[in-house]
Asks: 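The structure under discussion is supplied below as structure tokens; questions concerning it will follow.
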Amino acid sequence: MNPSLSSSSSPTSSHSTSAGSWFSGVVRGRSDRVGSVKMGSDSASGGSGEFSAPVVRKNQFRGALFKYGPKPIQVAFKTGDYRQQVIFIGGLTDGFLATEYLEPLAIALDKEKWSLVQLLMSSSYNEYGTSSLKQDAMELDQLISYFINKEDSEGVVLIGHSTGCQDIVHYIRTNAACSRAVRAAILQAPVSDREYRATLPETAAMIDLASTMINEGRGSELMPSEADLAPITAYRYHSLCAYNGDDDMFSSDLTDDQLRLRLGHMSNTPCQVIYSMADEYVPDYVDKKALVQRLCKAMGGAEKVEIEHGNHSLSNRVQEVAAAIIDFIKRDGPKGWDDPWN
């Protein structure tokens, strides 16, 4: 979701043996791995005194900045030095420090010996219009591969904020090798870009234009500047704004069957849905309680968390959302799993 758009245009746990963790085997193709890796839900590996407290003061984090892919934009920031990572994926226009709850979350995760990771992708900040869910998924896979191969990760949890929720749903659907390292997924503010943008006066005409351009084989060309505050291709505009577009996953007018087709594969991953009951990007006509119930059902029974009076980014409920996330991770994080090659 683009916040700049508005209707007014505005311990060590079980260390891997010398053969490496099974995650490493997945990525490196080592199908001769025998046995399994087991760990408790509250255990973690690694850690050092180098990082100390993850938050120094408001808006100032302490950690490591590193590259995880070949593109200049592919950098990530990690607080804590542990072998379990929580990866935060922001929404449209987001980059580092996208939401205020990241501060209390980083502190709480550090106490549980988890690292918080924020990444930049090709779609970060104002570049979302020339990217796609497919591109985001490829770069997210590169980040997870980095942790598996460079830091011997014992598992990751994905947190998506706003359009970052679509990234997670799409990534899990790819069934990429590194996606097996995802121990749980948290969708915070999974709202419909289409339903929100339908409230803007220029949207209908722009959808027609985008459809025409796509039919003419010009889906990769840019839309007129009035379509969006950021440069955006006909394909991405259609994906975000049109019915049944690639980004159309959480709309209230989708049937239960349609939601199941889009979200049903998430049933194989422990999931939590955090919904803001005063989300400013959800149109007033949407029954939020009914919608979040339907989303969780479509995902095979995801855990539901309703934040009363919470806004889209939960800037007015930072402690509440951080506590909900920590509670879920402690219950549904790594609990030991079998070697898939065994």
Side-chain angles (χ1 to χ4, degrees), residues 1-8 10 88-94 98-101 105 158-170 184-200 203 239-264 266-267 269-328:
M1 188 63 64
N2 186 343
S4 61
L5 291 174
S6 69
S7 56
S8 59
S10 55
F88 176 86
I89 306 160
L92 304 185
T93 76
D94 285 339
T99 64
E100 293 187 26
Y101 67 74
L105 181 60
L158 303 179
I159 299 178
H161 163 64
S162 193
T163 310
C165 296
Q166 282 111 278
D167 281 334
I168 292 177
V169 172
H170 183 83
I186 299 169
L187 308 185
Q188 187 266 305
V191 303
S192 171
D193 289 276
R194 171 169 67 84
E195 289 187 314
Y196 170 71
R197 290 190 180 228
T199 66
L200 307 181
T203 301
S239 178
L240 288 166
C241 303
Y243 177 79
N244 207 31
D246 289 345
D247 278 271
D248 192 12
M249 301 180 184
F250 310 117
S251 297
S252 64
D253 60 352
L254 296 175
T255 67
D256 289 344
D257 285 341
Q258 288 175 314
L259 288 176
R260 195 176 302 112
L261 284 173
R262 289 160 172 76
L263 306 174
M266 299 296 291
S267 63
T269 303
C271 292
Q272 180 186 60
V273 176
I274 303 176
Y275 212 88
S276 301
M277 304 312 288
D279 195 315
E280 62 271 28
Y281 292 105
V282 179
D284 292 339
Y285 65 81
V286 175
D287 184 336
K288 298 182 183 67
K289 285 185 175 292
L291 177 57
V292 68
Q293 182 67 34
R294 294 179 63 221
L295 295 177
C296 291
K297 181 180 179 181
M299 297 169 68
E303 178 177 292
K304 176 182 64 175
V305 178
E306 298 176 352
I307 306 293
E308 294 297 331
H309 312 296
N311 59 25
H312 185 64
S313 67
L314 290 173
S315 61
N316 61 340
R317 292 292 186 275
V318 293
Q319 297 296 336
E320 188 174 347
V321 65
I325 291 172
I326 289 295
D327 177 66
F328 177 73

Asks: Are the side chains of Ser276 and Leu314 in touch, meaning some heavy atoms are under 4.5 Å apart?
Replies: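 The answer is yes, as the side chains (C-beta and beyond) meet within the 4.5 Å cut-off.
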Asks: State which residues pass side chain to side chain contact (heavy atoms under 4.5 Å, CB included) with Val305; sequence neighbours excluded, sorted by chain then number.
Replies: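 Side chain to side chain contact (heavy atoms under 4.5 Å, CB included) list for Val305, sorted by chain: Gln272, Ile274, Glu303, Ile307, Ala324.
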Asks: Any heavy-atom pair between the side chains of Val191 and Tyr196 that's under 4.5 Å?
Replies: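 The answer is no, as the side chains (C-beta and beyond) never meet within the 4.5 Å cut-off.
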Asks: Evaluate side-chain contact (heavy atoms from CB on, under 4.5 Å) for His161 paired with Ser313, printing each intermediate quantity in order.
Replies: CA-CA 8 Å; His161 163 64; Ser313 67; 4.1 Å; yes
Asks: If you apply the rule salt bridge (Lys or Arg N to Asp or Glu O under 4.0 Å), what do you find for Asp256 with Arg294, and how did you get there?
Replies: CA-CA 7 Å; Asp256 289 344; Arg294 294 179 63 221; 2.8 Å; yes
Asks: So, taking the atom named OH in Tyr101 and the one named CD1 in Ile159, what distance separates them when rounded to the nearest 0.5 Å?
Replies: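 The distance works out to 6.0 Å.
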Asks: Arg194 and side-chain hydrogen bond (donor to acceptor under 3.5 Å, both in side chains): which partner among Asn244, Asp247, Asp253?
Replies: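 Per the side-chain hydrogen bond (donor to acceptor under 3.5 Å, both in side chains) rule, the option paired with Arg194 is Asp253, out of Asn244, Asp247, Asp253.
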Asks: Contact between Phe88 and Leu105 at the side-chain level, heavy atoms closer than 4.5 Å - yes or no?
Replies: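 SC-SC contact between Phe88 and Leu105 ruled out.
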Asks: Quick one: are Phe250 and Leu291 in side-chain contact, heavy atoms under 4.5 Å?
Replies: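 Not in contact.
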Asks: Can you name the residues that form a side-chain hydrogen bond (donor to acceptor under 3.5 Å, both in side chains) with Asp284, not counting sequence neighbours?
Replies: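 For Asp284, no residue satisfies side-chain hydrogen bond (donor to acceptor under 3.5 Å, both in side chains) once neighbours in sequence are set aside.
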Asks: How close do Thr203 and Cys241 get, counting heavy atoms only, and between which atoms?
Replies: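 Distance-wise, the nearest heavy atoms are CG2-CB, 4.2 Å.
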Asks: One thing to verify: whether Glu306 and Arg317 come together as a salt bridge, which I'm taking to mean a side-chain N less than 4.0 angstrom from a carboxylate O.
Replies: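 Looking at Arg317 and Glu306, the cut-off is not met.
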Asks: Ignoring hydrogens, what is the shortest heavy-atom contact between Ala98 and Asp94? Give both atom names and the distance.
Replies: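 That would be CB-CG, 3.6 Å.
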Asks: Using the rule side chain to side chain contact (heavy atoms under 4.5 Å, CB included), only one of Asp193, Asp246, Asp248 pairs with Gln166; which is it?
Replies: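 Among Asp193, Asp246, Asp248, the one that satisfies the side chain to side chain contact (heavy atoms under 4.5 Å, CB included) with Gln166 is Asp193.
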Asks: Which class fits the ring pair Tyr281 and His312: parallel under 30°, tilted 30 to 60°, perpendicular over 60°?
Replies: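 Rings of Tyr281 and His312: perpendicular, over 60°.
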